[in-house]
S.K.: 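One structure is given below, represented as structure tokens, and several questions about it will come after.
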Amino acid sequence: MVNLTPILIEGEPFTAVTVKLPKTNFMAVANDHGYIMCGALDVALLNDKLKERGIIAGRAVGVRTIDQLLDAPLESITYAAEDLGIHVGMSGREALLKMAK
């Protein structure tokens, strides 16, 4: 099952995506500038092989719901996210707000 849900964070619009898979869930929250995602995100791939794209993204691990993804500290981030002032340990919610500016 796939769920797409519009959400507001401090008035800023985002889209939350949850894909229920066997024995796991895939989750992401995005806007037009970037996204945060569950542990399935390969930050090293984005930073190394796709660096020229300047993808703004962060990864949180151990999350099972969108609310947990929003509240969890980011475990890794892309170089482009770091350039926006997003850092490892920042909550997903805080990172998304930086992506909204």
Side-chain angles (χ1 to χ4, degrees):
M1 172 181 276
V2 177
N3 288 325
L4 291 171
T5 307
I7 61 173
L8 290 176
I9 301 173
E10 294 187 17
E12 297 291 341
F14 295 90
T15 301
V17 180
T18 302
V19 180
K20 295 193 183 259
L21 301 168
K23 301 182 184 181
T24 192
N25 289 332
F26 168 89
M27 293 166 293
V29 179
N31 70 1
D32 290 341
H33 304 288
Y35 56 93
I36 60 171
M37 201 166 119
C38 64
L41 180 63
D42 188 345
V43 172
L45 172 77
L46 299 180
N47 279 337
D48 297 336
K49 305 250 188 237
L50 303 177
K51 183 178 179 181
E52 71 283 350
R53 294 185 188 182
I55 296 169
I56 300 167
R59 169 184 153 160
V61 295
V63 296
R64 295 179 183 219
T65 67
I66 292 295
D67 285 335
Q68 288 177 354
L69 179 58
L70 293 173
D71 294 334
L74 296 179
E75 177 265 344
S76 54
I77 59 170
T78 61
Y79 299 138
E82 189 173 38
D83 290 345
L84 276 182
I86 296 167
H87 58 82
V88 169
M90 176 179 280
S91 75
R93 185 181 317 272
E94 291 172 301
L96 288 168
L97 287 172
K98 289 201 175 276
M99 292 175 202
K101 295 181 179 184

S.K.: Got a second to check how far Met27's CE is from Asp67's CG, nearest 0.5 Å?
M.R.: 10.5 Å
S.K.: Name all residues meeting the side chain to side chain contact (heavy atoms under 4.5 Å, CB included) criterion together with Val88; count only those two or more places apart in sequence or in a different chain, and write none if there are none.
M.R.: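 In terms of side chain to side chain contact (heavy atoms under 4.5 Å, CB included), with neighbours along the sequence ignored, Val88 is linked to Ile77.
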S.K.: Taking all non-hydrogen atoms of both residues, which atom of Ala60 and which atom of Leu69 are closest, and how far apart?
M.R.: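 So the minimum-distance heavy-atom pair works out to CB-CD1, 3.9 Å.
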S.K.: For residues 34-46, run the donor-acceptor check on the side chains, cut-off 3.5 Å, and write out each pair with its distance to 0.1 Å, sequence neighbours left out.
M.R.:
{"from": "Asp42", "atom 1": "OD1", "to": "Ala44", "atom 2": "N", "distance (Å)": "3.3"}
{"from": "Asp42", "atom 1": "OD1", "to": "Leu45", "atom 2": "N", "distance (Å)": "3.0"}

S.K.: Taking distance alone, no hydrogens or angles, what donor-acceptor pairs closer than 3.5 Å link side-chain atoms of residues 91-99 to residues at least two apart or in another chain?
M.R.:
{"from": "Ser91", "atom 1": "OG", "to": "Glu94", "atom 2": "N", "distance (Å)": "3.1"}
{"from": "Ser91", "atom 1": "OG", "to": "Glu94", "atom 2": "OE1", "distance (Å)": "3.2"}
{"from": "Arg93", "atom 1": "NH2", "to": "Asp71", "atom 2": "OD1", "distance (Å)": "2.8"}
{"from": "Glu94", "atom 1": "OE1", "to": "Ser91", "atom 2": "N", "distance (Å)": "2.9"}

S.K.: Can you name the side-chain hydrogen bond (donor to acceptor under 3.5 Å, both in side chains) partners of Glu12, sequence neighbours left out?
M.R.: none
S.K.: To the nearest 0.5 Å, how far apart are CD1 in Ile56 and CG in Leu84?
M.R.: 4.5 Å
S.K.: Nearest 0.5 Å, please: how far is CD1 in Ile7 from CG in Leu70?
M.R.: 5.0 Å
S.K.: Identify, with sequence neighbours excluded, every residue that meets side chain to side chain contact (heavy atoms under 4.5 Å, CB included) alongside Thr15.
M.R.: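 Applying side chain to side chain contact (heavy atoms under 4.5 Å, CB included) to Thr15 gives Leu4, Val17.
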S.K.: Which residues pass the side-chain hydrogen bond (donor to acceptor under 3.5 Å, both in side chains) test with Ser76, sequence neighbours left out?
M.R.: none
S.K.: Any sub-3.5 Å donor-acceptor pair from Thr18's side-chain atoms to Asn3's backbone N or O?
M.R.: no
S.K.: Is the count of non-hydrogen atoms from other residues, nucleotides or ligands lying under 6.0 Å from Asp48 atom CG greater than 12?
M.R.: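 Yes, the 6.0 Å shell around CG holds more than 12 heavy atoms from other groups.
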S.K.: State yes or no: do Val2 and Leu21 share one hydrophobic cluster built from I, L, V, M, F, W and Y residues joined by side-chain heavy-atom distances below 4.5 Å, directly or via other members?
M.R.: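 The answer is yes; both residues are in one hydrophobic cluster.
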